[in-house]
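Lettering of chains follows the sequences in order, A, B, ..., and the numbering in each one begins at 1.
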Amino acid sequence: MDIMRVTDELVCTRRAPGFRHTSLRVLENQRGGVFVATDPVGAPVGKWVFTTSGSAARMAMPDKKTITDLTICGIIDQWEEN
Amino acid sequence: MDIMRVTDELVCTRRAPGFRHTSLRVLENQRGGVFVATDPVGAPVGKWVFTTSGSAARMAMPDKKTITDLTICGIIDQWEEN
Amino acid sequence: MDIMRVTDELVCTRRAPGFRHTSLRVLENQRGGVFVATDPVGAPVGKWVFTTSGSAARMAMPDKKTITDLTICGIIDQWEEN
Amino acid sequence: MDIMRVTDELVCTRRAPGFRHTSLRVLENQRGGVFVATDPVGAPVGKWVFTTSGSAARMAMPDKKTITDLTICGIIDQWEEN
Amino acid sequence: MDIMRVTDELVCTRRAPGFRHTSLRVLENQRGGVFVATDPVGAPVGKWVFTTSGSAARMAMPDKKTITDLTICGIIDQWEEN
């Protein structure tokens with residue numbers, strides 16, 4: 001799993017049906033890489049979270065058919081950026 | 001999922017039967033990497049999109065047997081390149 | 001599989017139900033990348049371990065439904081950092 | 001999917017039974033990375049191709065049990081190297 | 001698949017049950033990255049090999065339940081390092 005920070009919400013009016021109304025978050029990792037993740041935890045912007053990828057990302061969603069490859073799994077209590 | 005921009009259409013007269021007549025797009029990520037994705041959304045050249053990878057890329061296609069590993073999931077309403 | 005060193009334990013009060021009470025470790029690879037892994041082996045901080053990823057990470061857990069994508073598989077007897 | 005150029009054929013007298021007599025190609029991506037792919041298309045050395053990875057690489061083979069993780073899916077009609 | 005060189009054997013007295021007595025090898029790719037792979041081929045130290053990853057790595061093992069994500073598939077007859 002990876003450690004990233006929530007930086008924004010992603011707004012996509014036109015998107016594939018496999019996400020329905022799932023909340024999408026923009027994340028940034030510690031090397032400045034930007035990613036999009038589904039968020040079943042409700043992570044606020046600014047928080048450090050850890051994410052799971054691949055088929056585990058779908059298993060982490062309430063609806064296992066969500067077509068995600070990256071899901072927020074938890075909010076880290078305390079994290080100091082390197 | 002990743003954030004990329006559609007830069008071109010990919011023309012391949014000779015290709016594997018697992019794609020049939022699926023539209024293939026050339027994408028570029030924010031670090032200049034170039035990729036090919038299937039496109040069930042109809043994303044025009046120049047637009048910023050987000051993509052899903054791995055087995056989720058197949059689940060995002062109308063035909064789940066498409067042999068893709070990267071699929072465009074949505075067109076981002078507004079994105080400022082870093 | 002990858003070779004990494006255990007650097008810390010990850011504390012997440014608020015996390016997805018797919019981990020239950022599984023112990024989560026912070027790992028660092030030899031290029032300074034930081035990751036989170038599930039740990040069925042009981043690897044102490046400071047030890048070099050090897051990890052498996054993807055669907056194999058779930059198969060390596062006692063509970064195969066754990067939503068992990070990285071699991072510690074063994075403690076390396078002796079490893080000299082490059 | 002990725003865009004790569006066929007640079008060579010890979011000769012391996014001693015190999016795992018899961019490939020049988022499948023043709024193996026050496027590919028180079030645009031950043032100089034070298035990979036090995038199975039080739040159901042018959043791509044000649046020097047051509048630019050696009051490839052699929054992961055479980056899709058097996059689905060792209062006539063024999064779905066081939067133990068590949070990278071398969072050539074099509075020959076690109078025209079490609080200018082960046 | 002990737003091209004790597006066998007550099008060592010990995011000794012892990014304490015490891016997950018999913019490997020049993022499988023031989024584990026330390027590999028180095030052409031950019032200096034270090035990995036661990038299962039070896040059903042019997043590749044000697046110093047040889048260049050090609051490897052398969054992900055779920056294909058398990059399919060390449062005699063025991064398909066081995067919790068590997070990287071398996072040596074063949075010994076390359078001749079390889080000149082770049």
Side-chain angles (χ1 to χ4, degrees), chain A residues 1-41 43 45-46 49-73 81, chain B residues 1-7 9 18-19 22-25 27-82:
Chain A
M1 284 82 71
D2 288 299
I3 292 172
M4 306 204 196
R5 191 168 47 175
V6 183
T7 59
D8 207 347
E9 197 164 343
L10 190 78
V11 183
C12 283
T13 309
R14 192 163 152 199
R15 56 181 175 170
F19 286 107
R20 277 164 215 129
H21 303 293
T22 308
S23 169
L24 295 170
R25 303 283 174 177
V26 181
L27 306 180
E28 197 174 313
N29 71 9
Q30 295 184 88
R31 290 173 299 282
V34 176
F35 302 91
V36 175
T38 42
D39 177 15
V41 173
V45 167
V49 298
F50 76 102
T51 57
T52 197
S53 67
S55 49
R58 294 196 299 271
M59 295 172 56
M61 293 295 293
D63 176 353
K64 312 302 182 207
K65 291 184 180 168
T66 308
I67 55 174
T68 183
D69 67 0
L70 192 71
T71 297
I72 296 174
C73 290
E81 190 168 10
Chain B
M1 284 82 70
D2 289 298
I3 292 172
M4 305 204 196
R5 190 166 50 175
V6 183
T7 59
E9 197 164 342
F19 287 106
T22 309
S23 170
L24 295 170
R25 303 282 175 178
L27 306 180
E28 198 174 311
N29 71 8
Q30 295 184 88
R31 289 172 299 281
V34 176
F35 301 92
V36 175
T38 42
D39 178 14
V41 172
V45 168
K47 287 282 180 189
W48 286 94
V49 297
F50 76 102
T51 57
T52 197
S53 66
S55 50
R58 294 196 299 270
M59 294 173 56
M61 293 296 293
D63 176 353
K64 312 301 182 208
K65 290 184 179 168
T66 308
I67 55 174
T68 184
D69 67 359
L70 192 71
T71 297
I72 296 173
C73 290
I75 300 171
I76 302 173
D77 288 10
Q78 201 169 9
W79 187 256
E80 284 181 38
E81 190 168 9
N82 292 331

Distance check, rounded to the nearest 0.5 Å: [X] atom [atom1] versus [Y] atom [atom2]?
X	Y	atom1	atom2	answer
A/R5	A/R25	CZ	CZ	15.0 Å
A/N29	A/D2	CG	CG	7.0 Å
A/R14	B/I72	CZ	CD1	10.5 Å

key: Per-residue contacts, residues 54-62 of chain B versus chain A, heavy atoms under 4.5 Å   = B/S55, B/A56, B/M59, B/A60
inquiry  = Are there residues of residues 36-45 of chain B whose heavy atoms fall under 4.5 Å of chain A's heavy atoms? If so, which?
reply    =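 Listed by number: B/V41, B/G42.
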query = Does the A/D69 side chain pair with the main chain of B/M1, one donor and one acceptor, at a distance under 3.5 Å?
reply = yes
request  = Taking salt bridge (Lys or Arg N to Asp or Glu O under 4.0 Å) as the test, write out the residues that go with B/D77, two or more places apart.
outcome  = none
key: Residue list, salt bridge (Lys or Arg N to Asp or Glu O under 4.0 Å) with A/D8, at least two apart or on another chain   = none
Minimum heavy-atom separation for [X] to [Y], with atom names?
X	Y	result
A/F19	A/T66	CD2-CG2, 4.0 Å
B/T51	B/M4	OG1-CE, 3.9 Å
A/L24	A/E9	O-CG, 3.5 Å

query = Where on A/L10 is there a heavy atom nearer than 4.5 Å to chain B: the side chain, the backbone, both, or neither?
reply =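 A/L10 touches chain B through side-chain heavy atoms alone.
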ask   = Heavy-atom distance under 4.5 Å to chain B: side chain of A/L27, backbone, both or neither?
value = neither
